[in-house]
Amino acid sequence: MKTKLLISFATMMAMTFGTMTITAQTPGVFPVDTNPGLVVAGSQNYSQLPAKAKKFISKHFKNTGIQKCEKFFAKGEYEVELSNGIDIEFNLDGVVTEIDAPDNTFLPVKVVKDVLPHKSFNRLDKNELTTKIESIEFKKGKAYEVEVGIENPDTFIFDINGDFIAIED
């Protein structure tokens, strides 16, 4: 009786939720051009990212593995976590919307220089802050919000052209 009940429950769950495929990968660091690890419903295989997102990762983080790759349907974005702890969010077209260094670390200066407008980068460089950038958020094509690892105020806001707008806490 218990066996029939268990089989019925398993069948009902499979019919309700569909099947879920889990593919185990070898633990460790994964090169960008391979499977990122466990692929579960909600997770995405790196190869399924939009071309722009893959190009961004291969350009700026060529020798860094992919730890996690997820697609958030409600937010309309992809989130990729690299093996070095950097999180990158992309919209559904593969355009970067946010890049965030792990706690107590900073984004590589080369990445900061490549993603920010020239004016923004120069302003931060003039103030010797380019080596202390924790995150960059792109505000819907209207502004850049740059969080810097300094005492308050620590968030610099630039318009889309790179002109300085404000500093916030």
Side-chain angles (χ1 to χ4, degrees), residues 28-34 36-40 42-169:
V29 176
F30 302 97
V32 167
D33 58 358
T34 65
L38 288 179
V39 179
V40 184
S43 293
Q44 292 290 305
N45 185 312
Y46 174 80
S47 65
Q48 295 172 329
L49 280 176
K52 280 184 182 179
K54 289 190 283 189
K55 184 177 179 180
F56 180 87
I57 292 169
S58 66
K59 176 181 178 183
H60 298 291
F61 301 99
K62 186 175 184 171
N63 296 317
T64 306
I66 304 296
Q67 192 71 25
K68 176 176 72 171
C69 182
E70 294 182 289
K71 182 176 184 180
F72 294 93
F73 295 98
K75 292 185 197 177
E77 65 184 30
Y78 293 92
E79 185 178 306
V80 175
E81 182 181 330
L82 304 177
S83 61
N84 61 6
I86 290 178
D87 288 321
I88 309 170
E89 293 178 12
F90 299 94
N91 66 19
L92 293 177
D93 295 326
V95 176
V96 176
T97 59
E98 185 171 356
I99 183 167
D100 190 25
D103 292 340
N104 303 313
T105 65
F106 305 108
L107 295 172
V109 175
K110 183 178 180 348
V111 173
V112 173
K113 186 174 185 175
D114 284 351
V115 299
L116 285 178
H118 189 68
K119 287 182 191 177
S120 302
F121 181 82
N122 284 344
R123 165 94 186 216
L124 295 167
D125 193 40
K126 180 180 174 184
N127 292 311
E128 299 179 355
L129 297 173
T130 55
T131 59
K132 299 175 184 168
I133 307 297
E134 295 176 334
S135 70
I136 301 171
E137 186 174 353
F138 306 91
K139 297 289 195 170
K140 298 186 182 187
K142 296 180 182 178
Y144 297 89
E145 203 170 275
V146 180
E147 190 174 326
V148 182
I150 59 173
E151 291 298 317
N152 292 333
D154 64 350
T155 303
F156 288 70
I157 301 172
F158 300 93
D159 70 14
I160 197 69
N161 297 316
D163 294 315
F164 175 73
I165 297 174
I167 299 176
E168 294 182 348
D169 282 338

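Note that these values count all heavy atoms, side chains included, but never hydrogens, waters or copies made by symmetry. These numbers come from a predicted model, not from an experiment.
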- prompt: So among Asp100, Thr105, Asn104, which one has a side-chain contact (heavy atoms from CB on, under 4.5 Å) with Pro102?
  reply: Thr105

Is there side-chain contact between [X] and [Y], with at least one heavy-atom pair below 4.5 Å?
X      : Y      : value
Ile157 : Glu168 : yes
Ile99  : Asp87  : no
Thr155 : Val146 : no
Gln67  : Ser83  : yes
Ile133 : Leu124 : yes
Glu134 : Phe106 : yes
Val95  : Lys52  : yes
Ile57  : Tyr46  : yes

[atom1]/[X] to [atom2]/[Y] distance, rounded to the nearest 0.5 angstrom?
X      : Y      : atom1 : atom2 : value
Arg123 : His118 : CZ    : NE2   : 14.5 Å
Ile88  : Glu81  : CD1   : CD    : 10.5 Å
Thr97  : Glu79  : OG1   : CD    : 9.5 Å
Leu92  : Phe72  : CG    : CZ    : 12.0 Å
Asn127 : Lys132 : CG    : NZ    : 10.0 Å
Asp159 : Ile165 : CG    : CD1   : 4.5 Å

message: Using a 3.5 Å distance criterion without hydrogens, assess whether the side chain of Ser120 forms a donor-acceptor pair with backbone atoms of Leu116.
response: no

query: Side chain of Asn84, backbone of Ile86: donor and acceptor closer than 3.5 Å?
result: yes

query: Is the shortest distance from a Lys or Arg side-chain nitrogen in Glu137 or Lys139 to a carboxylate oxygen in the other one below 4.0 Å?
result: yes

Residues Lys119 and Asp163 bridged, charged N to O under 4.0 Å: yes

query: Is Lys59 close enough and on-axis enough to Phe56, meaning under 6.0 Å and within 45°, for cation-pi?
result: no

- request: Verify side chain to side chain contact (heavy atoms under 4.5 Å, CB included) between Val96 and Val115, making sure each step is shown before the conclusion.
  value: CA-CA 9 Å; Val96 176; Val115 299; 5.8 Å; no

message: I need the minimum non-hydrogen distance between Phe164 and Phe158, along with the two atoms involved.
response: CA-CD2, 3.6 Å

- prompt: How far apart are the C-alpha atoms of Phe61 and Val111, what are their side-chain angles, what is the distance that settles it, and do they pass the side chain to side chain contact (heavy atoms under 4.5 Å, CB included) test?
  reply: CA-CA 9 Å; Phe61 301 99; Val111 173; 3.9 Å; yes

query: Does the ring centre of Tyr144 sit less than 6.0 Å away from the ring centre of Phe138?
result: yes

